[in-house]
Amino acid sequence: MDKRPLGRLLAAVALGTLFATTAWASGGGEGGAGLGSELALYWGIPFLGILLSIALFPLLAPRFWHHHFGKVSAFWALALAVPFLIAYRGEALHQIIEIYLADYVPFIILLWSLYTVAGGILVTGSLAGTPLVNLLLLVVGTAIASWVGTTGAAMLLIRPFLRANAWRKRRTYQVVFFIFLVCNVGGALTPLGDPPLFLGFLHGVPFFWTFKILPPMLLVSAVLLAVFFLMDWYYYRKEEGRPPAPDGSKLRIEGGHNLLFLAGVVAGVLLSGVLHTRLGTVNLLGVTLSVAGVGRDVLLVVMGGLSLRTTKRAIRERNEFTWFPIVEVAYLFAGIFVTMIPVLEILKAGTQGHLAFLIEAVKEPLHYFWVTGGLSSFLDNAPTYLVFLNTALGNFFPGVPERQAILNLIQHQEIYLEAVAAGAVFMGANTYIGNAPNFMVRSIAEEAGVEMPSFFGYILKYSLVFLVPTFVLVTLVFFR
Amino acid sequence: MDAIRKVLFPTKFEDLSFRCLERLLPLKTAGLEEVILLFVVDRDEVAYNLFRGFDKKLADQLREEARIRFEDWEKRLVEEGIRARHRIEVGSPEGKILELGCEEEVDLVVAGRQHAHVADTVYLGGTTMAVLRRSAVPVLVCKHTGEGACDLPGANVFERVLLATDFSPDSERALGFVRALAPAAKAVDVVHVITERDFRRSPPDAIAEAEAEAKERMEAICQDLRGLGLEADPHLLAGHTAEAVLQAAQDYHSTLIVMGTKGRHGIREMWVGSASHRVAELAPTPVVLVPLVRDECYV
């Protein structure tokens with residue numbers, strides 16, 4: 001592997017900006033309205049290509065993917081960008097610059113800062129893996145996931161969770177429920193919790209609006225926690241042994257000062273939402289950015305930098321911290337963001353665009369919940385969220401500027417946004433690839449000796465059995 | 001440090017061959033009793049696979065390959081009268097080398113990498129540089145330049161040592177290391193550099209004073225080393241520290257350079273690096289960097 005992962009990450013983050021500025025120099029300047037109604041469906045091929053690559057390459061050619069995912073991402077990005085720039089020059093150029101500056105850069109900065117700061121916090125000591133302690137750990141993980149990100153919460157708690165249960169014979173279901181709750185459902189309450197919600201926030205969904213998902217989130221959490229507790233209690237009683245005697249090592253947090261940086265990240269994101277319109281805007285390469293947003297990104301970089309600077313490397317190493325997952329996300333999303341431009345434009349055009357059939361087919365909240373969720377299970381949930389947010393906007397407010405359309409949606413058709421957000425966040429739990437922390441937790445658990453189900457085993461034995469019925473219940477209660 | 005009893009020898013096999021390990025055998029006379037062979041399965045290679053999770057099959061395969069090779073190496077070391085065992089770990093190579101160096105309480109960690117640059121300069125890998133910056137244990141940087149050849153020259157790497165000192169506490173510890181090495185060595189060249197910065201910042205009187213003091217202190221060190229049965233010569237140098245030390249090593253046909261290091265030096269270190277790290281990076285001969293003693297070993 002590359003020995004300069006931070007450098008590679010920064011290079012990946014810079015890739016978008018560089019690409020955009022290079023394109024700026026070579027592009028034309030003509031504008032154009034109603035691009036979404038002009039674009040044919042084949043402009044969506046690179047987006048489909050990159051999503052299918054993410055879904056299939058790791059299955060069919062895992063080692064190739066492990067070493068060349070960046071090239072695959074770059075291939076699809078160029079497959080869209082080159083013809084798009086040739087065909088639509090100035091308009092295409094503006095779209096590409098805008099998506100990188102307004103979406104990609106803040107998105108990666110948030111993920112990087114949360115990942116970096118949370119990776120500097122090490123929970124040591126051991127707990128007894130009793131049903132009550134396990135339940136408590138899952139409740140804590142679910143509760144903090146919305147504030148430290150699902151990845152941060154998972155990385156913080158998975159090792160104490162595994163250590164506590166090291167003596168237990170059956171551990172597979174424990175890790176699976178950890179994935180359900182801490183890696184996914186728990187992240188539903190704030191834009192910090194799960195990447196799709198942050199993308200929504202960047203596009204104009206207010207920070208605290210996501211609290212609207214609290215009722216369905218509580219229902220899913222309560223059902224899953226109850227099922228987990230009963231299962232854990234059942235298997236605990238069947239265990240021949242009992243938790244080993246305490247070895248005297250108390251539960252301790254090392255690198256606890258990172259909690260301050262975490263508070264800085266939360267405050268930065270929160271303030272950028274509150275001050276969004278008050279601090280004015282700045283124009284960068286033709287893209288209007290809010291000063292509050294730029295300030296937030298700078299603050300987040302500072303928080304991550306301070307975490308790196310002030311945390312002993314040994315703490316990260318004992319946390320088994322590695323840059324690989326975040327580098328992978330940075331590379332893949334550099335491709336995803338550019339390739340999804342035409343799809344989002346077509347969807348925004350509503351019934352005027354070539355995806356009218358989708359807009360006409362997806363009508364009811366339950367459709368939005370299940371289609372967003374179903375696709376989020378197998379494709380990445382962040383772009384899926386944006387696609388169906390735009391589907392709703394195209395459906396109800398075609399042609400209205402995005403921020404205004406989102407506010408209109410919240411004011412008049414809020415349930416659709418709830419369905420999209422809940423579907424994207426909850427159903428990321430359906431597969432290992434639905435959300436980044438899922439496969440990370442699986443990997444850490446397997447390394448610790450837990451037998452985890454295969455990709456399809458996870459779906460058949462757990463998702464279909466525990467999650468799908470719960471989501472049916474959520475549909476009946478909230479999205480009918 | 002009174003002897004070099006325990007050595008940690010991390011290897012990726014393609015970088016540090018058994019031949020390099022064999023060149024360390026003269027340390028037997030300096031008290032070498034045990035060698036711990038280490039292979040780290042890089043977590044980034046086997047973990048976080050989207051579909052496979054932790055690639056246990058690949059990890060097991062790498063572990064087995066390392067075990068088979070190590071068992072052969074261990075046999076040969078035992079034949080030389082040195083105890084040997086191996087550890088195979090999954091993790092970050094840098095972190096595991098540092099962690100096990102402390103956990104096993106070794107006296108010396110061997111690190112290195114074969115990478116010949118087009119300009120005939122040998123650069124170190126990122127892992128080795130990171131280990132050098134962070135290690136609380138002396139680190140021997142072993143380099144290769146030719147294809148498959150270990151560049152530890154001659155029959156005894158420890159025969160002619162160049163000890164670079166600035167009389168600081170870390171240099172004192174480096175002197176302690178040379179003392180421990182004495183039974184395996186024949187001669188030591190003790191060098192001190194009056195730097196360009198000293199010339200720029202100090203008046204001529206002060207330079208003359210510093211020169212006299214350095215000569216006196218180097219002579220005291222040489223006397224001490226002569227008492228251990230070594231040939232020892234003092235040399236006062238001037239100029240840029242790293243360049244002067246590298247030139248001296250060439251001029252005096254040194255087989256090994258020993259220097260103290262303060263480890264990490266904050267922001268400045270990130271940009272320009274310390275003289276000791278620069279020497280370790282650029283010297284064609286093996287280099288031992290001896291860090292300051294600190295309260296916590298693995299940080």
Side-chain angles (χ1 to χ4, degrees), chain A residues 1-7 53-63 65-67 69 175 309 311-329 332 431-434 436-456 458, chain B residues 12 15 40-63 89-103 111 113 115 123-131 133-136 263-267 269-270 294-299:
Chain A
M1 278 306 298
D2 200 311
K3 297 300 169 203
R4 288 169 300 175
L6 187 58
S53 297
I54 293 168
L56 297 177
F57 264 116
L59 181 66
L60 303 174
R63 292 196 187 146
W65 178 253
H66 201 68
H67 292 101
F69 57 81
V175 179
R309 187 81 196 131
T311 308
K312 291 174 184 171
R313 283 205 205 173
I315 289 181
R316 290 188 196 280
E317 282 159 1
R318 283 159 58 208
N319 234 348
E320 294 168 23
F321 180 90
T322 156
W323 290 112
F324 182 80
I326 198 78
V327 169
E328 187 175 30
V329 166
L332 294 182
T431 69
Y432 284 132
I433 59 169
N438 301 6
F439 79 89
M440 291 166 69
V441 163
R442 176 200 179 183
S443 177
I444 291 165
E446 285 180 331
E447 192 179 337
V450 180
E451 286 280 335
M452 291 298 289
S454 67
F455 180 78
F456 295 107
Y458 176 93
Chain B
K12 281 163 64 181
D15 287 343
V40 182
V41 178
D42 193 336
R43 178 169 284 111
D44 282 352
E45 286 296 319
V46 293
Y48 304 125
N49 185 307
L50 266 176
F51 270 85
R52 294 185 178 190
F54 181 76
D55 195 338
K56 192 170 179 298
K57 197 175 162 192
L58 177 61
D60 286 347
Q61 179 196 322
L62 294 171
R63 276 197 192 101
E89 305 279 338
V90 176
S92 119
E94 168 192 334
K96 283 293 171 190
I97 292 168
L98 293 165
E99 187 183 353
L100 295 191
C102 292
E103 189 185 309
R113 180 169 179 176
H115 191 100
Y123 287 101
L124 295 180
T127 302
T128 298
M129 285 311 291
V131 168
R133 283 192 200 101
R134 295 176 57 199
S135 180
R264 289 185 284 180
H265 298 264
I267 296 287
E269 162 64 23
M270 286 167 66
R294 56 182 188 230
D295 297 338
E296 225 178 328
C297 184
Y298 173 47
V299 290

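Side-chain atoms are counted along with the backbone in the values below, which use heavy atoms only and exclude waters and symmetry mates. Convention: sequence-line order gives letters A, B, ...; per-chain numbering from 1. Just so it is clear, the model here is predicted, and its values are computed rather than measured.
The shortest non-hydrogen separation linking B:Y48 to A:F324 is O-CE2, 4.0 Å. Pairing each heavy atom of B:Y298 with each of A:E317, the nearest pair is OH-OE1, 2.6 Å. In plain terms, the two heavy atoms of B:A47 and A:S443 that are nearest each other are CB-OG, 3.3 Å.
In this structure, A:H66 contributes its side chain and B:V46 its backbone to no donor-acceptor pair below 3.5 Å.
Taking 4.0 Å as the cut-off between side-chain N and carboxylate O, A:E447 and B:R43 count as a salt-bridged pair. In this structure, A:R313 pairs ionically with B:E94, as a charged nitrogen and a carboxylate oxygen lie closer than 4.0 Å.
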Evaluate the criterion salt bridge (charged side-chain N to carboxylate O under 4.0 Å, His left out) for residue pair A:R318 and B:E99; output intermediate values, then yes/no.
CA-CA 9 Å; A:R318 283 159 58 208; B:E99 187 183 353; over 6 Å; no
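Using a 4.5 Å cut-off on side-chain heavy atoms (C-beta onward), B:E45 and A:R63 make no contact.
Neither the backbone nor the side chain of A:R316 has a heavy atom closer than 4.5 Å to any heavy atom of chain B.
In this structure, CG in B:D55 is found 9.0 Å from CD in A:E446, a value given to the nearest 0.5 Å. Within the model, atoms CZ of B:F54 and CD1 of A:I444 stand 11.0 Å from one another, a figure rounded to the nearest 0.5 Å.
No more than 12 heavy atoms of other residues, nucleotides or ligands shown are found within 6.0 angstrom of CD on A:E451.
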